Amino acid sequence: MDGIGAQEVRLPELNPIELWEQSGRAQTMGQTLFRLADRKERGFVLGPTHEEGMSFLASRHIQSYRDLPVTLYQIETKFRDEPRPRGGLVRLREFTMKDAYSFDAGWDALDVSYAAAYEAYVRIFARAGVPVVPVAADSGAIGGKESQEFVFLTDDGEDEILLCPGCGYAANAEKADFSPPPAVPAAPLPMERIATPGQKTIAELASFLGIEQRQTVKAVFYKADGEPIFVAIRGDLDVNEVKLKNALKAQDVDPMDEQMVKRLGLVAGSASAVGLTGMKVVADPTAVEAANLVAGANEDGFHLLNTNHGRDWKADLVASIGLARADDACATCGSALQVRRGMEMGHVFKLGTLYSESIGVNYLDEAGERHPCVMGCYGIGVERMLAAIIEANHDANGITWPASVAPYDVHVVVLNGDQEHVDAALNELEAEFAKAGLTALVDDRPDSAGIKFKDADLLGMPVRFTLGPRSLEKGGVEVRDRRTGETNVLTIGEAVAAVRSAR
RNA sequence: CGGGGUGUAGCUCAGCCUGGCAGAGCGCUACGUUCGGGACGUAGAGGCCACAGGUUCAAAUCCUGUCACCCCGACCA
């Protein structure tokens with residue numbers, strides 16, 4: 001971060017609620033905000049992220065285009081009342097985030113700051129020994145125009161990632177574009193009502209009629225911010241709820257509950273938009289473009305042959321809301337997409353002027369005109385990254401920390417430390433560490449050597465020094481590389497110098 | 001919030017089905033031996049069986065409720 005000219009700061013965790021009302025997120029973040037009140041009943045929130053705070057800080061200092069660009073960052077605790085904390089360090093109510101925010105004069109300038117942060121992230125993950133894949137992502141509750149996640153691929157991950165082996169396209173399933181299989185070409189035929197007793201699912205219906213699933217329309221019911229939504233999508237596809245939410249510009253999209261389905265008189269298993277009134281109809285292009293699709297007749301046990309959009313029904317909104325799956329065609333090059341699971345390590349966003357407008361971060365340009373700053377924000381989950389570092393750097397005996405992120409440079413196992421000459425050598429060693437600016441974890445417990453060696457392996461500092469009567473006889477300390485097991489006996493001075501130069 | 005699971009010694013767990021003395025391994029304490037890749041012997045200490053009710057002659061065990069934690073879904077770094 002410092003390397004790209006970012007400035008470290010530290011913001012309060014305790015924020016007045018007014019700041020969050022100003023940005024509108026007191027409402028939009030809803031339940032995930034930890035709220036509290038002081039003795040005078042003034043409202044506060046514990047910061048779940050710091051777009052508001054950073055914008056407020058920036059608004060006090062940025063006046064002219066000459067003040068820009070500015071990137072501020074901090075490494076600080078965030079609080080989120082998560083619906084379900086889980087997985088040890090993977091999802092916490094209280095976690096540490098490295099969060100950075102850039103302020104620029106215009107979108108082109110943001111692209112430069114964004115690219116710099118992006119490149120810095122690539123270097124950070126490489127140095128920490130965590131293999132990540134940058135993927136296109138949905139920006140979720142943070143908002144903004146464009147965003148990319150850095151994803152650590154692991155079967156334990158919470159996210160589904162689609163990867164294109166052909167062109168390198170990579171995206172979170174929430175966001176992923178793809179080309180649905182083509183429709184079966186046909187000229188429109190007259191609509192026809194037929195009996196389909198007991199056929200509830202698309203698979204049943206298709207095999208009952210001897211047609212392909214892509215020759216049907218699937219009806220799915222949702223509730224978007226309390227409003228009923230009827231979704232029509234070709235039978236061979238599933239709905240991506242994130243895309244649906246974005247298309248509707250809704251805050252919350254959930255599958256419709258049974259009471260609501262009943263109240264609205266919807267016939268699950270035989271529903272369609274033909275003749276439907278009283279609710280908004282959202283259609284995927286696949287349902288609109290194909291001809292002669294089989295749809296529900298809105299009567300249990302009956303379906304309609306040859307329904308056609310425009311003639312028989314009409315969508316209020318047409319938007320791509322299909323969920324990409326393994327083996328779907330890449331939208332760019334047509335190759336079959338692959339699916340992997342992954343864990344989100346970091347996320348970079350082009351925020352735009354969302355917060356600079358609501359909080360009031362403005363600058364005067366060369367012409368003396370006032371504009372809101374164009375912002376970007378960049379986060380890394382520290383605990384989550386810790387989990388990934390260990391996942392990516394361990395062997396059967398324990399952790400194998402990359403030197404760049406090891407808690408200590410050296411693990412010193414002291415044997416027979418009660419012997420005077422061993423103790424004297426240890427004092428000398430510690431003095432050398434101090435002089436060299438190295439940190440050491442010294443194990444001088446009166447336990448057996450085996451226990452201490454096992455613990456050293458488990459904790460996994462990159463280098464282990466063994467200091468005892470036997471090593472001193474051989475001329476100093478035994479130096480052992482945690483990963484390779486390579487062992488040498490060196491003098492105290494040589495050993496410390498070797499670690500220092502390797503760091 | 002919906003679904004599933006678990007709460008017993010410091011830790012990991014058995015015991016619960018089929019009610020009847022509170023258990024094991026590890027750890028801990030003492031002594032002796034051992035001592036550079038998780039040693040051994042002997043002797044010990046250690047419990048409101050999550051909590052609150054109920055059933056019963058008798059409850060860790062059966063029933064009801066509460067709480068906490070873990071796992072699966074919606075949220076995200």
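So you know, we letter chains A, B, ... as the sequences are listed, proteins then strands, and number each from 1. All values reported here derive from a predicted model rather than from experimental measurement.
- Using a distance-only test at 3.5 Å, with no hydrogens or angles considered, a donor-acceptor pair links the side chain of Arg384(A) to the main chain of Glu344(A).
- For Arg84(A) against G2(B), no side-chain N or O and base N or O form a donor-acceptor pair under 3.5 Å.
- Rounded to whole Å, atom C1' of G36(B) lies 10 Å from atom NZ of Lys452(A).
- At a threshold of 4.0 angstrom between heavy atoms, the contacts of Thr466(A) include nucleobase atoms, whether or not backbone atoms are also involved.
- Comparing the P positions of C51(B) and G10(B) gives a spacing of 14 Å, expressed to the nearest Å.
- The pair Arg341(A)-Asp156(A) fails the salt-bridge criterion, with no side-chain N (NZ, NE, NH1 or NH2) lying under 4.0 Å from an Asp/Glu carboxylate O.
- Separating the P atom of A14(B) from that of G36(B) is a span of 38 Å, rounded to the nearest Å.
- Put simply, CG on Asp457(A) is 8 Å from C1' on G37(B), counting in whole angstrom units.
- Residue contacts for Met345(A): at a heavy-atom cut-off of 4.0 Å it reaches the sugar-phosphate backbone alone, with no base atom in range.
- Here, C1(B) and C57(B) have their C1' atoms 45 Å apart, quoted to the whole Å.
- Comment: Glu158(A) engages Arg91(A) in a salt bridge, judged by a side-chain N to carboxylate O separation of less than 4.0 angstrom.
- In this pair, Phe95(A) lays its aromatic ring flat on the base of A77(B), centres within 5.5 Å and planes under 30 degrees apart.
- With a cut-off of 3.5 Å on both Watson-Crick or G-U wobble distances, the partner of C1(B) is given as G73(B).
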Contact state string [nucleotides 27-35 of chain B, B base, S sugar-phosphate only, - no protein heavy atom under 4.0 Å]: ---------
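- Spacing between atom CD of Glu241(A) and atom P of C76(B) amounts to 13 Å, rounded to whole angstrom units.
- G19(B) and C49(B) have their C1' atoms separated by 15 Å, given to the nearest Å.
- Nucleic acid contact class of Glu158(A) (heavy atoms, under 4.0 Å, all strands): base.
- At a threshold of 4.0 angstrom between heavy atoms, the contacts of Gly346(A) are confined to the sugar-phosphate backbone, with no base atom among them.
- Nucleotide A50(B) forms a pair with U66(B), judged by Watson-Crick or G-U wobble geometry with both contacts under 3.5 Å.
- The partner of A60(B) cannot be assigned: no Watson-Crick or G-U wobble pair with both contacts below 3.5 Å exists in any strand.
- In this structure, the NZ atom of Lys245(A) is 8 Å from the C1' atom of C75(B), given to the nearest Å.
- Closest to the side chain of Arg464(A), out of G37(B), C75(B), G36(B), is G37(B).
- Counting only residues at least two apart or on different chains, the ring-ring contact (aromatic ring centres under 6.0 Å, His included) pairs with a member in residues 379-433 of chain A are Phe433(A)-Phe465(A).
- Side-chain atoms of Glu344(A) lie closest to C76(B) of the nucleotides G37(B), C76(B), A74(B).
- Across the P atoms, A60(B) and A52(B) are found 13 Å apart, a figure rounded to whole Å.
- Interface remark: the Arg384(A) side chain does form a donor-acceptor pair with the C76(B) base, using a distance-only criterion of under 3.5 Å.
- Closest to the Phe349(A) side chain, of the nucleotides C76(B), A77(B), G36(B), is A77(B).
- Between Arg445(A) and Asp455(A) a salt bridge is recorded (basic side-chain N to carboxylate O distance below 4.0 Å).
- Between Phe453(A) and Arg93(A), the residue whose closest nucleotide on RNA chain B is further toward the 5' end is Phe453(A).
- Among A77(B), G36(B), C75(B), the nucleotide with an atom closest to any side-chain atom of Met97(A) is A77(B).
- Ion pairing of Glu51(A) with Arg25(A) is present here, as a side-chain N (NZ or NE/NH1/NH2) and a carboxylate O approach within less than 4.0 Å.
- The base-pairing partner of A43(B), taking Watson-Crick or G-U wobble contacts with both distances under 3.5 Å, is U29(B).
- Look at the C1' atom in both U6(B) and U12(B): the space between them is 14 Å, to the nearest Å.
- One interatomic measurement links the two molecules: OH of Tyr101(A) to P of A77(B), which rounds to 10 Å at whole-angstrom precision.
- With respect to the salt-bridge test (charged N to carboxylate O, under 4.0 angstrom), the residues Asp395(A) and Arg482(A) qualify.
- Geometrically, Lys78(A) does not engage Phe95(A) in a cation-pi contact, judged by NZ or CZ lying under 6.0 Å from the ring centre and within 45° of the ring axis.
- Between the CZ atom of Phe34(A) and the P atom of C76(B) there is a distance of 16 Å, rounded to whole Å.
- Distance check on atom P: A45(B) versus G25(B) gives 15 Å, rounded to whole Å.
- The CG atom of Asp254(A) sits 11 Å away from the P atom of A74(B) (whole-angstrom rounding).
- Spacing of P atoms, U8(B) relative to C13(B), comes out at 9 Å, to the nearest Å.
- Counting only residues at least two apart or on different chains, no ring-ring contact (aromatic ring centres under 6.0 Å, His included) pair has a member in residues 466-499 of chain A.
- The CD atom of Glu428(A) lies 11.5 Å from the CD atom of Glu430(A); values are rounded to the nearest 0.5 Å.
- Taking atom CG on Leu323(A) and atom C1' on A74(B), their separation rounds to 15 Å, with Å as the unit.
- Asp99(A) comes within 4.0 angstrom of no nucleic acid atom, judged by non-hydrogen atoms across all strands.
- A donor-acceptor contact under 3.5 angstrom links the side-chain atoms of Arg91(A) to the base of C75(B).
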